[in-house]
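None of the values given here were measured: they were computed from a predicted structure. First listed ligand is number 1; within each ligand, the first listed atom is number 1. Scope of the values below: all heavy atoms of this structure, side chains included, with no hydrogens, waters or symmetry mates.
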Amino acid sequence: MPLVTTTEMFKKAYAGGYAVGAFNVNNMEMIQAIVEAASECRSPVILQVSAGARKYANPVYLRHLVAAAAETTDIPIAMHLDHGADFEICKASIDDGFTSVMIDASSKPWEENIALTKKVVEYAHAHGVVVEAELGKLAGIEDDVNVAANDAMFTSPDEVQEFTERTDIDSLAIAIGTSHGAYKFKPGQDPKLRIDILEEVGRRLPGFPIVLHGASSVPQDQVAIVNEFGGNMPNAIGIPESELKKAAALAVCKINIDSDLRVAFTAAIRKHFAEHPDHFDPRQYLTDARANMKALIKHKICDVLGSANKA
Ligand code: G3H
Ligand code: 13P
Ligand code: ZN
């Protein structure tokens, strides 16, 4: 099936009270794990490519690998640029056949964010491509950050209407307490999302798709495997899956997950080598890595995002 934009996916997700998973891809095995999991769950899926992925794999390889994945399945797949930093990378991705791009100008001043986002939207829409932008700053609940400072980083519901109207974006990433990476919170912290902010954003933008970045939950069983077999990952926790479920039932239509997949991939490889120190054929350990990542994605789709059987 040809690649699709996220327009229809998000319409159905909003109405159905679930979210579509956006998983980061860097190589063939990861793309296969994601697409096989989504196909078996009959779920739509978003494959997203960061600037780091483009640098690691070469965008031409990624484009062809994603095209190969789409050719082998009939589920809806969108190819999305994750965290586009400037107009040039967004344009290059659009010209490359991406169906969706993110322009991440959230760290820029208000008017600059709007101007750059608008420029990307104009180019994207002229080419049939949809655009995600961001308002607010993602950050963890650090011990030494007080409530007022935290509040300043969250997306202000007062700004979302003007931002979406002036930019004409198709989806909006907001900051409500998620953060990037595998070391979000210390054990014992209670990483609750600001669902109240999400609800208010939903009231201000009825029917408009919201995106959550930094949504990995840091699966403790996988971290334990990494550490049992020679790893040294710090003791940390992520966003509870129960919080993600609440967000998916509200206006959140896209949930970004990368770190959890990395941990699962690495856990399987560490375990493989501990059990088979004589192995040197990459197909042997990558088979385990791909299978473990696929199992985690099926869990996310079926038990957290709620997008199974929505293809
Ligand atoms: O939010 C960023 C993604 O996890 C991509 O990470 O820039 O290391 O590829 P990366
Ligand atoms: P995690 O690091 O929590 O997986 O977030 C990924 C992400 O937001 C990609 O854009
Ligand atoms: Zn992100």
Side-chain angles (χ1 to χ4, degrees), residues 6 19-27 29-31 33-34 37 45-59 61-62 65-66 78-86 89-90 93 98 100-107 131-141 153-155 171-185 189 191 193 209-220 222-223 226 233-234 236-241 243-245 247-248 252-267 293 296-297 299-301 304-305:
T6 52
V20 180
F23 303 105
N24 287 72
V25 299
N26 293 278
N27 64 18
E29 285 77 9
M30 291 172 170
I31 293 171
I34 298 161
V45 76
I46 299 164
L47 301 178
Q48 55 185 13
V49 172
S50 68
R54 285 170 64 96
K55 194 167 162 213
Y56 170 76
N58 181 331
Y61 277 83
L62 290 173
L65 286 168
V66 171
M79 181 164 61
H80 174 77
L81 171 69
D82 192 25
H83 293 285
D86 50 39
I89 193 170
C90 293
S93 303
F98 280 58
S100 171
V101 295
M102 175 189 193
I103 175 67
D104 184 359
S106 55
S107 60
V131 179
E132 171 188 327
E134 180 166 324
L135 267 184
K137 290 187 181 60
L138 263 64
I141 303 165
M153 295 191 286
F154 294 138
T155 302
S171 61
L172 177 68
I174 63 170
I176 55 168
T178 59
S179 65
H180 287 108
Y183 309 126
K184 300 185 199 300
F185 307 106
Q189 284 188 307
L193 297 182
I210 301 301
V211 178
L212 273 196
H213 281 250
S216 276
S217 300
V218 193
Q220 298 299 296
Q222 299 299 312
V223 173
V226 169
M233 287 186 67
I237 56 172
I239 310 299
E241 291 181 338
E243 292 292 292
L244 298 176
K245 279 191 207 179
V252 169
C253 295
K254 171 174 180 272
I255 292 191
N256 288 10
I257 299 173
D258 184 6
S259 300
D260 285 358
L261 310 190
R262 297 178 180 190
V263 176
F265 205 79
T266 301
M293 189 189 258
L296 182 74
I297 295 163
H299 159 67
K300 297 283 181 188
I301 288 173
V304 184
L305 305 169

Quick check against the 3.5 Å criterion: does [X] have a side-chain atom that pairs as donor or acceptor with the backbone of [Y]?
X	Y	result
Asp104	Gly84	no
Ser216	Ser259	yes
Ser50	Asp82	no
Glu241	Ile239	no
Glu134	Ser106	no

Identity and separation of the nearest protein heavy atom to [atom]:
atom	result
atom 8 (O) of ligand 2	Gly214 N, 2.8 Å
atom 3 (O) of ligand 2	Lys184 NZ, 2.6 Å
atom 10 (O) of ligand 2	Asp82 OD2, 2.7 Å

Using a strict 4.0 Å cut-off to heavy atoms of [X], name the atoms of ligand 2 that fall inside it.
X	result
Ser259	1 (P), 2 (O), 4 (O)
His213	8 (O), 10 (O)
His83	10 (O)
His180	2 (O), 5 (O), 6 (C), 7 (C), 8 (O), 10 (O)

May I ask you to check if ligand 2 and Ile257 share an N or O to N or O distance below 3.5 Å?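 So ligand 2 has no N or O lying under 3.5 Å from an N or O of Ile257.
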Is Asn24 close to ligand 2, meaning an N/O of one under 3.5 Å from an N/O of the other?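 For ligand 2, there is no N or O atom that lies under 3.5 Å from one belonging to Asn24.
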[atom2] on [Y] to [atom1] on [X], rounded to 0.5 Å:
X	Y	atom1	atom2	value
His180	Asp258	NE2	CG	8.5 Å
Lys184	Ser217	NZ	OG	8.0 Å
Ile103	Ile89	CD1	CD1	9.0 Å

Side-chain contact test, heavy atoms from C-beta onward, threshold under 4.5 Å: evaluate it for [X] versus [Y] and give yes or no.
X	Y	answer
Met233	Val263	yes
Glu132	Thr6	no
Ile46	Lys254	yes
Leu172	Ile210	yes
Leu81	Cys90	yes
Asn256	Gln48	yes
Leu305	Val20	no

Just going by heavy-atom distances, which of Ser217, Gly238, Ser179, Ser216 is nearest to atom 1 (P) of ligand 2?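 Nearest heavy atom to atom 1 (P) of ligand 2 lies in Ser216.
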State if Gln48 counts as touching ligand 2 under the rule of any non-hydrogen atom under 4.0 Å.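 Flag set, Gln48 near ligand 2.
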Under 4.0 Å, counting heavy atoms only: does Arg262 come that close to any atom of ligand 2?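 No, Arg262 has no heavy atoms under 4.0 Å from ligand 2.
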Using a strict cut-off of under 4.0 Å between a residue heavy atom and any atom of ligand 1, list the qualifying protein residues by chain and number.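 Contacting ligand 1 under 4.0 Å are Asn24, Ser50, Asp82, His83, His180, Asp258, Arg262.
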Record the part of Ala22 in heavy-atom contact with ligand 2 below 4.0 Å; permitted values are side chain, backbone, both and neither.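 It is neither; nothing of Ala22 touches ligand 2.
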Please state which part of Ile239 comes within less than 4.0 Å of ligand 2, counting heavy atoms only: side chain, backbone, both or neither.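 The answer is neither.
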Here's a test for you: under side chain to side chain contact (heavy atoms under 4.5 Å, CB included), which of Thr155, Leu212, Leu138 qualifies with Ile176?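 Result: among Thr155, Leu212, Leu138, Leu212 is the only option passing the side chain to side chain contact (heavy atoms under 4.5 Å, CB included) with Ile176.
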For the Zn ion (ligand 3), which protein N/O/S atoms are closer than 2.8 Å?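 Checking every protein N, O and S atom gives His83 NE2, His180 NE2, His213 ND1.
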